[in-house]
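First comes the structure, then the notes that go with it.
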Number of protein chains: 2
Amino acid sequence: MVTIKDIAKATGVSPSTVSRVIADNPRISPDTKKKVRKAMKKLGYHPNIHARNLVAKSTKAIGVILPSSADKALQNPFFPEVLRGIGSVTHKEQYTMMLSSGQTEEEILAEVERMVYGSYVDGMILLYSRMNDPVTQFLREREFPFVIVGKPYENISETTHVDNDNFSAGKEITEHLIEQGHKKIAFIGGARDLFVTVDREEGYKAALDEAGLENKEAYQIHTEFLKSGGREAVESLLALETPPTAIVISDDLISLGVLSMLEDSGLHVPKDISLVSFNNVYLSEITRPALTTIDIQIYELGAQSAKALIEKTVNKKEPAKRIIIPHNVIYRESVSEYKSE
Amino acid sequence: MVTIKDIAKATGVSPSTVSRVIADNPRISPDTKKKVRKAMKKLGYHPNIHARNLVAKSTKAIGVILPSSADKALQNPFFPEVLRGIGSVTHKEQYTMMLSSGQTEEEILAEVERMVYGSYVDGMILLYSRMNDPVTQFLREREFPFVIVGKPYENISETTHVDNDNFSAGKEITEHLIEQGHKKIAFIGGARDLFVTVDREEGYKAALDEAGLENKEAYQIHTEFLKSGGREAVESLLALETPPTAIVISDDLISLGVLSMLEDSGLHVPKDISLVSFNNVYLSEITRPALTTIDIQIYELGAQSAKALIEKTVNKKEPAKRIIIPHNVIYRESVSEYKSE
DNA sequence: CTGTTAGCGCATTCAC
DNA sequence: GTGAATGCGCTAACAG
């Protein structure tokens, strides 16, 4: 391993000079800078982060916390995509990205504690948001920089987060359905304890209200992201005496399941029933018909969160921010006009 | 920040004793251990990794390299799942996991160099395998510990990797089709420069050969993982004068697209045509019909690779290993018996 | 069984 | 503009 001393010896200057060259200290003569840099390249010098961090107190690393991996939601293509977004800026800023999952909430908390106490990272990005989350609490108490992707449950105004305007998104997409003549519109969402779901649903309701449409309780169902649980719910929805002619679904992944079920029951999308959803994950292009969905710019969600976090870590007094990533409707083939009989 | 000294002072012992307690050195009396540990807990001591690593030369961290993120393949649910597997063992072993993506090959190489030269990590897991990969080459030259998930392109016997027996998997699943009476079986695979694809295809061919079935060139097509490129290919396959009655598809994700296309063309799976694929990603349960697929145990692939890597980093002389994770067929509804006319 | 000493690689005073 | 000295927090000899 080639150290600062080695290159000091090689160039005949002192270690501190080399250190200053690395930091690009303006008080070093251009000549020696050039000389030193040449030697660094020639000998293949690379700074040792541990030594550097030990003294500098900054790790140039951020931690990314995934939801507990017991959570099937992890399978959502959402995550690789945020990770990509985060990675793009950490890379550009020469930051390092530490990933932490954990099967249970306790495991996650333990990892987070280790990371902050052991000074592994300068800040954290939470890829989930839960009520009474011990991790969030811990971070807040220690005043450790963090940002949430999504909507915080508590202290919203004091915690910087990057999110979509899910209410508006829900409203817009529902309005699109209404414009197409639909009047009986259902909503299928994931677990109700997620803000995303709730917000999107509120938007859906608001659109119905504004259009003077009936807001039927029976039209709103909540089901697990994946798997069978939802089957019965959807079936009962279709068995209603006046079944919906269109459905707003809170996540592309759920749409996939619903789509299959529908076709299974002999209902064709969009001929017999229309479908819209959210996220614009690659899946939504592959399905037949391709899904009309809201693009929430997942990549950008990640990139912006990383940017905000890094800002926060370099300037501890950076105020809490709320960053809203714009969304837009991607029109594809899962919606058709409804002609009232 | 509470250091070793603080707790030394608090308990009236020397810093080294505290250090020894941390390392659980057997030559420390149970009494002082207890005393010291109590103080650590009380004062909230947590070791500073940077200090520790600076002297100990081991980072207790591993790097995980994703394929270049330009690659759409990153969207494959395969990745979150391997990550989960890796995370489970890093967590258990108190290791840390650093993630690195990068848009281009050069970016990735740069990150890897930074990681090894800056002694960020003790070893790396590569989640891809490519011909003439500069990263692999670099790691090999520097004799830096790494393991590949998948099959290495060069020096197979000298590089430890964890993989499935994709040849057998391809053979078995094809045999299943043959047992069901199918004689005209096609193969749809991803890019041909991936070993996974090739191996699975070879297995498919071997099964045909053994059964004395014709191995038609026109029955084998290769298409991008996602998107439209494949549409025409599949359509031409169906337009053949004797179209296949069953298709082996190299990845669940591709199956999803093919499935939609098929239903689109009015062909019902499995009534009109049977489908089998690989990976057993959660998607394969959701589709209608649910896919008969090969479970390759992605989670285990990740976990074993992490285990192997950690072993290798603690014992540098650990010989190169090849770890084969068993697969098994998951029978679902995308296959039906073929009754020859 | 425990304390003392030294040093890991680097950034940063303080001198000159 | 540059060098010498100091210390970050910890582990690892070497003593005793």
Side-chain angles (χ1 to χ4, degrees), chain A residues 1-37 39-40 43-61 94 96 114-122 314, chain B residues 1-37 39-40 43-61 94 96 114-122 314:
Chain A
M1 159 152 281
V2 27
T3 79
I4 252 184
K5 280 188 196 163
D6 296 320
I7 96 107
K9 225 166 276 173
T11 47
V13 300
S14 80
S16 30
T17 300
V18 178
S19 175
R20 285 193 260 256
V21 172
I22 294 170
D24 203 17
N25 188 315
R27 309 195 309 190
I28 297 290
S29 79
D31 269 16
T32 53
K33 272 193 187 171
K34 205 160 293 178
K35 196 171 54 177
V36 169
R37 292 214 175 100
M40 296 201 304
L43 302 193
Y45 170 80
H46 288 261
N48 178 313
I49 22 146
H50 301 299
R52 188 207 294 263
N53 295 341
L54 189 53
V55 27
K57 251 64 188 153
S58 139
T59 66
K60 297 259 270 173
Q94 298 254 63
T96 278
R114 200 163 61 95
M115 283 184 153
V116 346
Y117 285 133
S119 69
Y120 282 80
V121 296
D122 292 341
V314 309
Chain B
M1 161 154 278
V2 25
T3 78
I4 249 183
K5 279 187 194 163
D6 296 320
I7 97 105
K9 225 166 276 173
T11 47
V13 300
S14 80
S16 35
T17 301
V18 177
S19 175
R20 285 192 262 257
V21 172
I22 294 169
D24 202 18
N25 187 316
R27 308 193 310 190
I28 298 288
S29 80
D31 269 17
T32 53
K33 272 191 186 173
K34 204 161 293 175
K35 199 171 51 178
V36 169
R37 292 215 174 98
M40 294 200 306
L43 302 192
Y45 170 80
H46 288 261
N48 178 313
I49 22 146
H50 301 299
R52 190 210 292 265
N53 295 342
L54 189 53
V55 27
K57 250 66 189 146
S58 140
T59 65
K60 297 261 266 173
Q94 299 253 64
T96 277
R114 201 164 60 95
M115 284 185 150
V116 345
Y117 284 133
S119 69
Y120 283 80
V121 297
D122 292 341
V314 310

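Order of the sequence lines sets the chain letters (A, B, ...), proteins ahead of strands, with each chain counted from 1.
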Please tabulate, one pair per line, all N/O donor-acceptor pairs under 3.5 Å involving side-chain atoms of residues 46-56 of chain B, not counting sequence neighbours.
from, atom 1, to, atom 2, distance (Å)
B:Asn48, OD1, B:His50, N, 2.7
B:Asn48, OD1, B:Ala51, N, 3.1
B:His50, ND1, A:His50, ND1, 3.2
B:His50, NE2, A:Ser119, O, 2.8
B:Asn53, ND2, B:Ile49, O, 3.3

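Distance alone, capped at 3.5 Å, places no donor-acceptor pair between the A:Asp122 side chain and the A:Ser58 backbone.
Residues that satisfy the side-chain contact (heavy atoms from CB on, under 4.5 Å) test with B:Arg37, not counting sequence neighbours, are B:Val21, B:Asp24, B:Lys33, B:Met40. By the side chain to side chain donor-acceptor pair (under 3.5 Å) test, B:Ser29 is found to be paired with B:Thr32, residues two or more places apart in sequence or in another chain being considered. In terms of the side-chain contact (heavy atoms from CB on, under 4.5 Å) criterion, residue partners of A:Ala10 (sequence neighbours excluded) are, by chain and number, A:Leu43.
Between the P atom of C:dC1 and the NZ atom of B:Lys34 lies a distance of 14 Å, rounded to the nearest Å. When rounded to the nearest whole Å, the span between CG of B:Asn53 and C1' of C:dG7 equals 16 Å. The separation between A:Asn25 atom CG and C:dT13 atom C1' is 13 Å, rounded to whole Å. Taking atom CG on A:Asp24 and atom C1' on D:dT2, their separation rounds to 16 Å, with Å as the unit. Between A:Lys60 atom NZ and C:dC10 atom C1' there is a gap of 16 Å when expressed in whole angstrom units.
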Per-nucleotide protein contact string for nucleotides 5-16 of chain D, where B marks a base within reach and S marks sugar-phosphate only (heavy atoms under 4.0 Å, - for neither):
---BBBBBB---

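Shown are A:Ile4, A:Ile28, A:Val18; of these, the side-chain contact (heavy atoms from CB on, under 4.5 Å) with A:Val36 is made only by A:Val18.
Distance check, rounded to the nearest 0.5 Å: OG1 of A:Thr3 to NZ of A:Lys9 gives 7.5 Å.
A sub-4.0 Å separation between OP1 or OP2 of C:dT2 and a side-chain N or O of B:Thr17 is absent.
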Could you walk me through whether A:Thr17 and A:Ser14 pass the side chain to side chain donor-acceptor pair (under 3.5 Å) check?
CA-CA 5 Å; A:Thr17 300; A:Ser14 80; 3.2 Å; yes

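For the helix from C:dC1-D:dG16 to C:dC16-D:dG1, the rotation axes defined at the first and last 5 base pairs enclose an angle of 40°, given to the nearest 10°.
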